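So you know, we letter chains A, B, ... as the sequences are listed, proteins then strands, and number each from 1. Any value given below was found using the heavy atoms of this structure, including those in side chains, with hydrogens, waters and symmetry copies removed. Bear in mind the structure is a predicted one, so any value in this text is a computation, not a measurement.
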Amino acid sequence: MNKTILIADDSESIRQLVSATLESSGYSVLVSVDGEDALTYLDGSIIDLVITDLNMPKLDGIGVVKGIREKEQYKFIPVLMLTTESQASKKEAAKKAGATGWIVKPFVEDKLLAVVKKVLR
Amino acid sequence: MAQINDKINEEFSIAIGQLLDGIMLANNNIDELIKISAEDFLRWTSHIKAFHKFINGLAHDSNKPLLNDNLSLMVKDLQFHDIISQKLRHIQSVFSTLKTEFKQLLNGDITIDKALYVYAFPDILLLDRALFDFIIEEYKTSTENLKQELSNLWKEEKIRDLLKSEVLVMSRKSEFYTLAVQVSNCLANLNTLATPMLLREKNILRRDQVLDKVKKGFTMRSERMIYNQVFKKGNDENETVDIDLF
């Protein structure tokens, strides 16, 4: 069965580019436009991985990670941060909140797919 | 003495009013720049799924790896839409704070000794111009790369069929450059206007506080790099690597 990946990003172009990259490798993709929207998908649906932006309106990526870790069903799913932010302090905050990994934009397709494959193993 | 003070106050109000107008003009032009770049970049982003589908469907002939590499480069270059928009919004965010403070000064809600951002205004303009030059360069590089990458795809007959209604250019590129030059000139004019007034009003401590806040608003390595270059600071040590699994 295809793995399902939830994307959270307020940028339309990034949502489209990440979706296209993942779908071309056979993943099913769910798309959310901000952090709050992302958490509405945690309703019992099967989600194997979340890829979230850091700076988003309504709820940021750290809030998304915390929200995911609070739900029993999703407590251990991998969460990757995909962000333009490159400050180590922000990365540490994400790590502390329970994120699995950190990818700085612009992403390279092959590298993103390699990380996705690795965390879904 | 009272007359001299009145004259200084009047001159100050006029200068603040002019600066406020200039900031608003630059802000509006930046809004337009964000819209223009979005239109061009999103037009091509919307085709990426179809390009992937087409390339995935190809037999493993000699062209497939090349087309895949080309598409991968395109995906990277298209992300500069988001990066450029974010950088422009960071410039706007500082303008927005400046606007609020200038309005407060103009309305007499605060006096100059209570102001903060006004003391860093020439430095902010200097930084913004450097950021702006960098943004224009990023736009130029990414759009030129995209043009080349699209031309490579265009060699495939099925891609041409897929894109028959599209023109192979970033159609609003010249508008972007024209407007970008206008914003850059506007920032230069603001600097000329602001300098005589602000030479009188110096507060190094507040200036440094403001610049520190401005830097904290930057999310990208390249923004902090430009900041460090403009203000002759050393490189930041706490930058992260591009991919890290915890």
Side-chain angles (χ1 to χ4, degrees), chain A residues 9-26 29 53-57 60-61 65 78-119 121, chain B residues 34 37-57 68-87 89-90 93 138 142 145 215-225 236-246:
Chain A
D9 205 305
D10 58 325
S11 158
E12 188 186 345
S13 55
I14 297 296
R15 290 196 301 269
Q16 285 194 29
L17 294 169
V18 177
S19 300
T21 301
L22 296 172
E23 284 174 357
S24 74
S25 286
V29 175
D53 187 14
L54 179 68
N55 300 305
M56 290 183 289
D60 68 8
V65 179
V79 182
L80 295 173
M81 311 293 299
L82 179 61
T83 173
T84 53
E85 181 63 70
S86 60
Q87 264 190 313
S89 57
K90 297 280 170 68
K91 188 175 80 176
E92 278 310 305
K95 188 179 175 181
K96 206 174 158 193
T100 313
W102 186 269
I103 302 169
V104 178
K105 292 174 194 167
F107 69 85
V108 175
E109 283 194 308
D110 286 353
K111 287 184 180 172
L112 175 69
L113 289 169
V115 172
V116 166
K117 198 173 168 188
K118 196 169 183 180
V119 296
R121 203 178 283 157
Chain B
I34 292 172
S37 75
E39 209 170 285
D40 263 347
F41 278 90
L42 284 173
R43 186 160 61 93
W44 292 112
T45 300
S46 66
H47 289 296
I48 292 294
K49 269 186 197 177
F51 292 159
H52 266 301
K53 203 174 165 188
F54 165 74
I55 295 170
N56 280 347
N68 249 329
D69 289 348
N70 188 70
L71 187 56
S72 186
L73 291 173
M74 212 173 149
V75 167
K76 190 177 181 191
D77 285 316
L78 282 168
Q79 290 172 68
F80 279 90
H81 160 244
D82 183 50
I83 289 166
I84 288 167
S85 301
Q86 280 193 47
K87 283 180 181 158
R89 288 203 178 93
H90 292 159
S93 165
E138 271 188 333
S142 55
N145 287 347
K215 190 179 183 185
K216 280 183 180 148
F218 292 151
T219 60
M220 286 173 251
R221 187 184 295 141
S222 52
E223 291 172 307
R224 288 188 287 271
M225 183 194 78
D236 291 319
E237 286 170 6
N238 62 346
E239 298 287 356
T240 179
V241 290
D242 286 350
I243 295 181
D244 197 4
L245 286 178
F246 307 141

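Residue B:I48 holds its CD1 atom at 7.5 Å from CD of A:E109, rounded to the nearest 0.5 Å. Between the NZ atom of B:K76 and the NZ atom of A:K111 there is a distance of 7.5 Å, given to the nearest 0.5 Å. For the atom pair B:H81 NE2 and A:Q16 CD, the distance stands at 10.5 Å (nearest 0.5 Å).
Residue A:I103 touches chain B through both its backbone and its side chain, counting heavy-atom pairs closer than 4.5 Å. Only the side chain of B:F80 comes within less than 4.5 Å of a heavy atom in chain A; its backbone stays farther off. Of the atoms belonging to A:N55, it is side-chain heavy atoms, and not backbone ones, that fall under 4.5 Å from chain B. Using a 4.5 Å cut-off between heavy atoms, A:T83 does not touch chain B at all. A:V18 does not touch chain B: none of its heavy atoms, backbone or side chain, sits under 4.5 Å away.
When the candidates A:P106, A:S86, A:S89 are compared by the number of heavy-atom contacts under 4.5 Å with chain B, A:S86 comes out ahead. Listed options A:K95, A:E12, A:M81 were ranked by heavy-atom pairs under 4.5 angstrom with chain B; first place goes to A:K95. Put simply, of B:R221, B:E223, B:R224, B:M220, the one with the most heavy-atom pairs under 4.5 Å next to chain A is B:R224. Of the residues considered (A:P78, A:A94, A:S11), A:S11 shows the highest number of contacts with chain B, using heavy-atom pairs under 4.5 Å.
B:L78 has its side chain out of reach of A:S13: every pair of non-hydrogen atoms, C-beta onward, lies at least 4.5 Å apart. Residues A:E23 and B:K49 meet the side-chain proximity criterion, which asks for heavy atoms closer than 4.5 Å. Two residues are said to be in side-chain contact when any heavy atoms from C-beta on lie closer than 4.5 Å; B:L245 and A:L80 meet this criterion.
Scanning both residues, A:L17 and B:V75, for their nearest heavy atoms gives CD1-O, 3.8 Å. Of all heavy-atom pairs between B:H52 and A:T21, the closest is NE2-CA, 4.1 Å.
One N or O on the side chain of B:Q79 and one on the backbone of A:F107 form a donor-acceptor pair closer than 3.5 Å. Proximity of a side-chain donor or acceptor of B:N56 to a complementary backbone N or O of A:S24 within less than 3.5 Å is detected.
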